[in-house]
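I have placed the structure first, in the form of structure tokens, so that the comments after it can refer back to it.
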Amino acid sequence: MRTFLLIISSLIMQSLVSGLLPDRLTPPDLWFLLVLVLASRHNPYAGLAIAFGIGLMQDLSSAGYLGFHALGLVSAAYAFYGLRGWLHWEEPAARMVIIFLSFLVKWGGYLILVYWLRYTTLPASTWAQVFAPELALTLLLAPAYLWMAEALLGPEDETYA
């Protein structure tokens with residue numbers, strides 16, 4: 001029930017933040033942060049399946065290519081599990097590094113799919129208008145979001161950490 005409450009509150013926060021920001025500014029990716037929080041609390045098999053399901057929900061809600069965000073979020077969750085072996089998710093500085101690197105891998109998954117579908121790379125304007133603001137705002141909101149998630153879900157189980 002607490003996980004469902006986190007998902008619903010994340011969707012509401014994503015809508016509010018997206019609506020409050022100017023149209024020319026890309027909103028932060030709270031779906032991505034939700035996937036990392038849920039991945040941190042589950043084993044890799046369940047975490048990757050959860051990431052795929054949340055990605056499909058994001059695709060269906062944004063009327064984009066079905067599987068586009070699913071691939072990006074699964075890539076991010078996969079990177080999360082790999083990075084968690086090197087860095088400690090419990091430490092705030094390491095947590096931000098994991099979020100940053102997982103975000104880059106998420107966009108790497110997007111680029112693979114865009115290249116596959118269009119056989120071209122993204123123009124430089126996409127990096128300036130979409131990637132950079134989304135990364136900056138996601139990293140800026142990450143500490144508050146992670147605090148909220150921990151408050152809703154309770155202390156993290158150390159089984160999979």
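The residues of the chain are indexed from 1 along the displayed sequence.
With sequence neighbours excluded, no residue satisfies side chain to side chain donor-acceptor pair (under 3.5 Å) with Gln58. Residues satisfying the side-chain contact (heavy atoms from CB on, under 4.5 Å) criterion with Gln129, sequence neighbours excluded, are Ser125. Evaluation of the side-chain contact (heavy atoms from CB on, under 4.5 Å) rule for Leu139 yields Met96, Ile99, Phe100, Leu135 as partners, not counting sequence neighbours. Annotation: side-chain contact (heavy atoms from CB on, under 4.5 Å) contacts of Leu101 (sequence neighbours excluded): Leu83, Val97, Leu104. Every residue two or more places apart in sequence or in another chain was checked for a side chain to side chain donor-acceptor pair (under 3.5 Å) with Thr26, and none qualifies. Residues passing the side chain to side chain donor-acceptor pair (under 3.5 Å) test with Ser62, sequence neighbours excluded: none. The side-chain contact (heavy atoms from CB on, under 4.5 Å) check on Ala132 picks up nothing, with sequence neighbours excluded.
Considering every non-hydrogen atom in both Val35 and Ala77, the closest pair reads CG1-CB, 4.1 Å. The shortest heavy-atom contact between Leu21 and Pro28 is CD1-CD, 3.9 Å. Across every non-hydrogen atom of Ala149 and Val37, the tightest pair is CB-CG1, 3.8 Å. Closest heavy-atom contact between Trp31 and Ser61: CZ2-OG, 3.7 Å. Ser75 and Gly109 get closest at one heavy-atom pair: OG-CA, 3.9 Å. Ala94 and Leu87 make their closest contact through CB-CB, 4.0 Å (heavy atoms, listed as atom of the first residue, atom of the second, distance).
Remark: Leu141 CG to Met13 CE distance equals 6.5 Å, nearest 0.5 Å. To the nearest 0.5 angstrom, Leu36 atom CG is 10.0 Å from Thr138 atom OG1. Expressed to the nearest 0.5 Å, how far CH2 of Trp116 lies from CG of Leu111 amounts to 15.0 Å.
Checked against the 6.0 Å centroid criterion, the rings of Tyr81 and Tyr45 do not qualify as a close aromatic pair.
Listed by first then second residue, pairs satisfying ring pair (Phe, Tyr, Trp, His ring centres under 6.0 Å) with a partner in residues 53-78 read Phe68-Tyr110, His69-Tyr110, not counting sequence neighbours. Within the structure, salt bridge (Lys or Arg N to Asp or Glu O under 4.0 Å) contacts touching residues 97-111 (residues at least two apart or in different chains) are Asp29-Lys106, Lys106-Glu134.
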Evaluation steps, ring pair (Phe, Tyr, Trp, His ring centres under 6.0 Å), between Phe103 and Phe131: CA-CA 10 Å; Phe103 190 88; Phe131 174 78; 5.7 Å; yes
Evaluation steps, side-chain contact (heavy atoms from CB on, under 4.5 Å), between Leu25 and Leu137: CA-CA 10 Å; Leu25 193 60; Leu137 290 174; 4.1 Å; yes
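Cluster annotation: Val105 and Ile112 are assigned to distinct hydrophobic clusters (Ile/Leu/Val/Met/Phe/Trp/Tyr, side-chain heavy-atom contacts under 4.5 Å, transitive).
Using a distance-only test at 3.5 Å, with no hydrogens or angles considered, a donor-acceptor pair links the side chain of His42 to the main chain of Leu38.
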When the side chains of residues 46-53 are checked against the rest of the protein, which donor-acceptor pairs come out under 3.5 Å, sequence neighbours left out?
none

Would you mind writing out the side-chain donor-acceptor pairs for residues 5-12 within the sub-3.5 Å range, not counting sequence neighbours?
residue	atom	partner	partner atom	Å
Ser9	OG	Leu5	O	2.9
Ser9	OG	Leu6	O	3.0
Ser10	OG	Leu6	O	2.7
Ser10	OG	Tyr145	OH	2.5

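Under a cutoff of 6.0 Å and an axis angle of 45°, Arg95 and Trp89 form a cation-pi pair.
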